[in-house]
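Below is one structure; the comments refer to it alone.
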2 protein chains.
Amino acid sequence: MTLNETLSRLKGQGVKITPQRLEILKVLLDEERYYSAEEILKKVQESYPAISYDTVYRTLYLFKKLGLVLELNFQGGYRRFEFNRQDRHHHHLVCLKCGCSQKLSCCPTDCLTRIKEEHPEFAITSHSFEIYGYCEVCRKVKS
Amino acid sequence: MTLNETLSRLKGQGVKITPQRLEILKVLLDEERYYSAEEILKKVQESYPAISYDTVYRTLYLFKKLGLVLELNFQGGYRRFEFNRQDRHHHHLVCLKCGCSQKLSCCPTDCLTRIKEEHPEFAITSHSFEIYGYCEVCRKVKS
DNA sequence: CTCCCAGATCGTAATTATTCCGATGTAATT
DNA sequence: AATTACATCGGAATAATTACGATCTGGGAG
Ligand SMILES: [Mn+2]
Ligand SMILES: [Mn+2]
Ligand SMILES: [Zn+2]
Ligand SMILES: [Zn+2]
C-alpha cells in the first residue's frame, strides 16, 4: 500500500482528503510500526500546529472503519493504531517494561478455522493474538 | 480453586485478608465469567457500601500480581477482570455489539512454542487471543 | 486477651484518555 | 462564485484510573 494507492482508494470511496487526513496517513505509512494517538498528534502538529485530538481520533476511527487502520489494545490498557498493510497480517511480541515490540510471523490459523467450525452462528470479524513478557534488555534490568 | 483454598494460599503468602478483599474474591468466584471494575464495585457495595474504587483497583492489581486474577483488554478499550482458574486456561469469543462472550477451548500452543523457539531472548509471561465479531442475536439486528 | 503498627481503606481530588459540542472553515460540486 | 455537507478547532465534558492525606484495622507479639 503506497500513499497514492491509498489516496485513490479513498477517493473512490467518496472520502474527502483533507490536509490533516493526508498528514495522518503519512505518519502511519512512514514507519512500519504502531502509534499512540498522542504520538500521531505530536507528529502532525509539526505541520499543523492547530490540529486537535478530536480530529486525530475521528480520523483514526474513520480509517479503521474503512479497513485502513488497525486498533490494538494491549495489556495495561494501552491503545495503539497501525496502518493495515493488507498483505502483511501479523501479531506482536510486546515488552511489558519498555513497550517495545517485534512483529511475529505466526498466526493461529488452525485455531481460527476450528473456532469457525465450532461456532458457525457467530460472525467473526477480527482476532487478536499478542505475546507479552520482557525483552532482552528489560529482563536483565529486572526491577 | 475454591474460596478456602484461595484464602489459605493468600495467608501462606503473607497477604492480609480484609473483609473487602474477601468480598471481591467471592464476587470473582461466584460466576465463571469476567467483570468490569465497576461491576465489582457495585456488587461489593451491597455488603460494604463505603468501598472505594481505589480499593477495588488496588485489590484487583494485587490479585493479578499474585496470579489469582487475569486482566483482559478488549477491542474498544474495555478492561475486564476474571478469576484465574489455573486448570482452565481459555480464550474468548467476544461480541462487539452486546459485549457477550463465550469461552473457547482452543489455545494456539503450537504458535506459542514456535515463538518461544524463534525468540529465546524474550521472557514470555503471558499471551492474549481473542476472537471478535457479532453473536447470533446481534448479527440479525445488524444496524 | 490486649496492644501495636505496617499496611489497608476511605473520601476526595488529580490525572489521563477519550468524546462531545457550538462556532467556524473548507473540499468538492454546481 | 455560491452552496452545502461535512471537517476542523478550541475548549469543555465525561469516563476510567490513579494519587494522597487522614483514619482505621488484621493479625502477630507479648
Ligand atoms: Mn505491527
Ligand atoms: Mn473467561
Ligand atoms: Zn492473526
Ligand atoms: Zn492461550
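Below, chains carry the letters A, B, ... as their sequence lines are ordered, and counting in each starts from 1.
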*Could you tell me the separation between the CG atom of A:Leu41 and the P atom of D:dG10, rounded to a whole number of Å?*
11 Å
*With a 4.0 Å cut-off on heavy atoms, is A:Tyr48 in touch with a base, just the backbone sugar-phosphate, or nothing at all?*
nothing
Quick test: give all pairs of protein nitrogen or oxygen and nucleotides 14-16 of chain C nitrogen or oxygen below 3.5 Å, distance rounded to 0.1 Å.
none

*By the rule that ILVMFWY residues connect when side-chain heavy atoms come within less than 4.5 angstrom, directly or transitively, which residues belong alongside B:Leu93?*
A:Leu93, A:Leu104, A:Leu112, A:Ile115, A:Phe122, A:Ile124, A:Phe129, A:Ile131, B:Leu104, B:Leu112, B:Ile115, B:Phe122, B:Ile124, B:Phe129, B:Ile131
*asked:* Taking side chain to side chain donor-acceptor pair (under 3.5 Å) as the definition, give me every residue that meets it alongside A:Arg33, ordered by chain and number, with sequence neighbours left out.
replied: A:Glu31, A:Glu39
*Begin with the C-alpha distance, continue with both residues' side-chain angles, and end with the deciding distance and a verdict on side-chain hydrogen bond (donor to acceptor under 3.5 Å, both in side chains) for B:His89 and B:His127.*
CA-CA 11 Å; B:His89 173 77; B:His127 65 274; 3.1 Å; yes
*Whole-Å distance between D:dT18 P and B:Leu60 CG?*
10 Å
*Hey, what's the ring geometry for B:Phe74 with B:His92, parallel, tilted or perpendicular (30° and 60° as the breaks)?*
perpendicular
_Contact list for residues 100-113 of chain B, test salt bridge (charged side-chain N to carboxylate O under 4.0 Å, His left out), sequence neighbours left out_ = B:Glu32-B:Lys103
*A:Ser52 side chain, from C-beta outward: closest of C:dT19, C:dT9, D:dC9*: D:dC9
*asked:* Per the side chain to side chain donor-acceptor pair (under 3.5 Å) rule, what does the pair list look like for residues 1-14 of chain B, sequence neighbours excluded?
replied: none
*Pairs touching residues 49-65 of chain A that satisfy salt bridge (charged side-chain N to carboxylate O under 4.0 Å, His left out), sequence neighbours left out*: A:Asp54-A:Arg58, A:Lys64-A:Glu71
*Send over the distance from B:Glu23 CD to C:dT9 C1', rounded to a whole Å.*
15 Å
*Rounded to whole angstroms, how far apart are OH on A:Tyr61 and P on C:dA17?*
13 Å
*Interatomic distance, A:Gln45 CD vs D:dT8 P [rounded to whole Å]*: 15 Å
*Quickly work out the B:Leu22 CG to C:dT9 P distance and round it to whole Å.*
12 Å
*Of the residues in residues 68-80 of chain B, which ones touch DNA chain C at a heavy-atom distance under 4.0 Å?*
none
*Sequence neighbours left out, what pairs pass ring pair (Phe, Tyr, Trp, His ring centres under 6.0 Å) with at least one residue falling in residues 94-116 of chain A?*
none
_Tell me the interatomic distance from B:Leu62, atom CG, to D:dT18, atom C1', rounded to whole angstroms._
16 Å
*What residues form a side chain to side chain donor-acceptor pair (under 3.5 Å) with B:Ser47, not counting sequence neighbours?*
B:Glu23
*Let me have a per-nucleotide readout for nucleotides 20-30 of chain C, 5' to 3', with B, S or -, counting only protein heavy atoms under 4.0 Å.*
BB------S--
*asked:* What is the separation between atom CD1 on A:Ile40 and atom P on D:dT8, rounded to the nearest whole Å?
replied: 14 Å
_So if I take every side-chain heavy atom of A:Gln20 and compare against C:dG11, D:dC9, C:dT9, which nucleotide ends up nearest?_
D:dC9
*State which residues pass side chain to side chain donor-acceptor pair (under 3.5 Å) with B:Gln45; sequence neighbours excluded, sorted by chain then number.*
none
_So, using side chain to side chain donor-acceptor pair (under 3.5 Å) as the criterion, who are the partners of B:Arg80 when residues are at least two apart?_
none
